[in-house]
Undergrad: 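Below you'll find the structure I mean.
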Amino acid sequence: MPELGDAEGFRRSALRLAGALIARLEVPDPSVVRNVDVATLQRAIRGSVIGSACRHGKCLLIPVGTSWMLLRFGMTGSLILDETGNVSRRFERLSIGTDRGWLRLVDRRRLGNVSLARTEPECAELIGALGPDALRIGNPEFIAQLRSSRGSIKSAMMDQQRIAGIGNFGSDEILWRARIRPDAPAASLSPAQWTSLHRATRSVMHLTARAGHTPRGRTWLTSVREDSRALCPRCSTCLCRSEVNGRTSVWCPECQPPSSLATRA
DNA sequence: GAGGTTGTTTAGAA
DNA sequence: CTTCTAAACAACCT
């Protein structure tokens, strides 16, 4: 599930419990707790009040008392608000119980994890070298972060140290809208292509963030990418698949012409 | 049964 | 130094 839009949806779930008092922490799978042991985490957060969650890229930061919990979701993680106790507990890894309900980290493949930061520097360290958030980045910085890459534009876009929040589906969606091939060298983009790439990024990030997940509507590449014989939702040409950076890319040979043939952008 | 998967980290090669 | 590759993590789906 999780790219930026999904993480934004999880943030809104966490926001519903802002101000709630943490009564208990249940950790059915202790291996998801990354940098401290479960007892330490329990000691740090029990009796604390949940603050307003922030998101940076695909990463969720929940203030708890004077500390922060940092959640990463991997490929299959999600954060579920459970106010009624009726939510499925399958693949539940960690649950925060409050006076107003539960926040449950559910993660089938267990590639997600949770860390605890007790100080601001510790927090900064955990977020690490993440680049600016893809939803908020402005045009000059967007270009500056990507243009210096010597590899393909898609690799650069998915590099969380350059820009945080864009994943495999998101980058394909953006490149398709901007009419740029995923394997185009970042250094080869024209000024017009940079403009349309940033515009497409903003639009895709805004729409996914608003939805809280990647939309699957008729005008989205995401809606058809899993079908190996899918046609381009825009021009009905048979979509191409290739590997960029070890991940499957889906693109339209008609809408996304080779850079030498790019007329405008 | 085989192959694929919205992420990240690591080691090693180019 | 930068970039790319493969593997590992794990468990499901087609």
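Convention: sequence-line order gives letters A, B, ...; per-chain numbering from 1.
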Undergrad: Measure CG/A:Asp159 against P/C:dT3 and give the value in whole Å, please.
TA: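 Roughly 8 Å, once rounded to whole Å.
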Undergrad: Where each residue is assigned the nucleotide of DNA chain C containing its nearest heavy atom, which of A:Gly246 and A:Arg93 is assigned the position nearer the 5′ end?
TA: A:Gly246
Undergrad: For C:dC12, does either OP1 or OP2 sit under 4.0 Å from a side-chain N or O belonging to A:Thr76?
TA: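 Looking at the OP1 and OP2 atoms of C:dC12, neither is under 4.0 Å from any side-chain N or O of A:Thr76.
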Undergrad: Can a donor-acceptor pair under 3.5 Å be found between the side-chain atoms of A:Arg109 and the base atoms of B:dT5?
TA: yes
Undergrad: Quick one: stems involving DNA chain B, counted as three or more successive Watson-Crick or G-U pairs, both distances short of 3.5 Å.
TA: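 Stems found: B:2-5 with C:11-14, B:7-14 with C:2-9.
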Undergrad: Of the listed nucleotides (B:dG7, B:dT5, B:dT8), which one gets closest to any side-chain atom of A:Gln160?
TA: B:dT8
Undergrad: Tell me the interatomic distance from A:Glu243, atom CD, to C:dA7, atom P, rounded to whole angstroms.
TA: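 Rounding to the nearest Å, CD of A:Glu243 and P of C:dA7 are 12 Å apart.
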Undergrad: How many whole angstroms separate atom CZ of A:Phe10 from atom P of B:dT6?
TA: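 After rounding, the reported distance stands at 16 Å.
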Undergrad: May I ask you to verify if any side-chain N or O of A:Arg162 is less than 4.0 angstrom from the OP1 or OP2 atom of C:dT3?
TA: yes
Undergrad: Applying side chain to side chain contact (heavy atoms under 4.5 Å, CB included) between A:Trp68 and each of A:Ile45, A:Leu61, A:Leu126, report the one that passes.
TA: A:Leu61
Undergrad: Nearest whole angstrom, please: distance from the C1' of C:dC9 to the CZ of A:Phe73.
TA: 18 Å
Undergrad: Would you please confirm or rule out a distance under 4.0 Å between OP1 or OP2 of B:dT6 and any side-chain N or O of A:Lys58?
TA: no
Undergrad: Taking only the side-chain heavy atoms of A:Glu226 (C-beta and beyond), determine which of C:dC12, B:dT6, C:dT3 contains the nearest atom.
TA: B:dT6
Undergrad: Side chain to side chain contact (heavy atoms under 4.5 Å, CB included) for A:Cys255 and A:Thr237? Distances and angles first, verdict last.
TA: CA-CA 9 Å; A:Cys255 294; A:Thr237 301; over 6 Å; no
Undergrad: Could you please name the option among C:dA11, B:dG7, B:dT6 that lies closest to any side-chain atom of A:Leu111?
TA: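 The closest nucleotide is B:dG7.
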Undergrad: Between C:dC9 and B:dG1, how far apart are the C1' atoms? Round to whole Å, please.
TA: 22 Å
Undergrad: Any idea which of B:dG7, C:dT3, C:dC12 is nearest the A:Arg150 side chain?
TA: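 Among the listed nucleotides, the one closest to the side chain of A:Arg150 is C:dT3.
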Undergrad: Expressed in angstrom and rounded to an integer, what is the separation of A:Gln161 atom CD from C:dC1 atom P?
TA: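 Distance check: A:Gln161 CD to C:dC1 P gives 14 Å.
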Undergrad: Which part of the nucleic acid, if any, lies within reach of A:Ser152 when heavy atoms closer than 4.0 Å are counted: base, sugar-phosphate only, or nothing?
TA: sugar-phosphate
Undergrad: Between A:Arg104 and A:Asp82, is there a side-chain N and carboxylate O pair less than 4.0 Å apart?
TA: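 Judged by the 4.0 Å cut-off on N to carboxylate O distance, A:Arg104 and A:Asp82 do form a salt bridge.
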Undergrad: Assign the ring pair A:His198 / A:Phe142 to parallel, tilted or perpendicular, where the plane angle (0 to 90°) is split at 30° and 60°.
TA: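 Answer is tilted, since the angle falls between 30° and 60°.
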Undergrad: Look at the side-chain heavy atoms of Ile, Leu, Val, Met, Phe, Trp and Tyr, link any pair under 4.5 Å apart, and say whether A:Met205 and A:Ile153 land in one connected group.
TA: yes
Undergrad: Of the nucleotides B:dT6, C:dA11, B:dG7, which one has an atom closest to the side chain of A:Met75?
TA: B:dG7
Undergrad: Calculate the interatomic distance between A:Asn245 atom CG and C:dA7 atom P; express it in whole Å.
TA: 16 Å
Undergrad: Taking atom C1' in both B:dT6 and C:dT3, what distance in whole Å separates the two?
TA: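 Roughly 23 Å separates the two C1' atoms.
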Undergrad: Give the nucleotide from the list B:dT5, C:dT3, B:dG7 with an atom nearest to the side chain of A:Ser149.
TA: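 Closest of the options to the side chain of A:Ser149: C:dT3.
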Undergrad: Specify the separation, in whole Å, of atom CG of A:Asn35 and atom P of B:dT8.
TA: 17 Å
Undergrad: Atom CE of A:Met158 and atom P of C:dT2: how far apart are they, to the nearest Å?
TA: 19 Å
Undergrad: For the side chain to side chain contact (heavy atoms under 4.5 Å, CB included) test, which of A:Asp183, A:Asn245, A:Asn168 pairs with A:Lys154?
TA: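 The single option meeting the side chain to side chain contact (heavy atoms under 4.5 Å, CB included) with A:Lys154 is A:Asn168.
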Undergrad: For residues A:Leu146 and A:Leu189, determine if any side-chain heavy atom of one lies less than 4.5 Å from a side-chain heavy atom of the other.
TA: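 The answer is no, as the side chains (C-beta and beyond) never meet within the 4.5 Å cut-off.
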Undergrad: Taking OP1 and OP2 of B:dT5, is either one under 4.0 Å from a side-chain nitrogen or oxygen of A:Thr248?
TA: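 It does, given that an N or O in the side chain of A:Thr248 lies less than 4.0 Å from OP1 or OP2 of B:dT5.
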Undergrad: Centre of A:Phe169's six-membered ring, under 6.0 Å away, within 45 degrees of the axis: is that where NZ or CZ of A:Arg225 sits?
TA: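 Yes, a cation-pi geometry holds between A:Arg225 and A:Phe169.
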Undergrad: Which residue, A:Arg247 or A:Arg72, contacts DNA chain B at a nucleotide closer to its 5' end, judged by nearest heavy atom?
TA: A:Arg247
Undergrad: Can you tell me, in whole Å, how much space there is between the P of C:dC12 and that of B:dT8?
TA: 22 Å
Undergrad: Does A:Arg136 CZ have over 12 foreign heavy atoms under 6.0 Å away?
TA: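 It does: A:Arg136 CZ has more than 12 such atoms within range.
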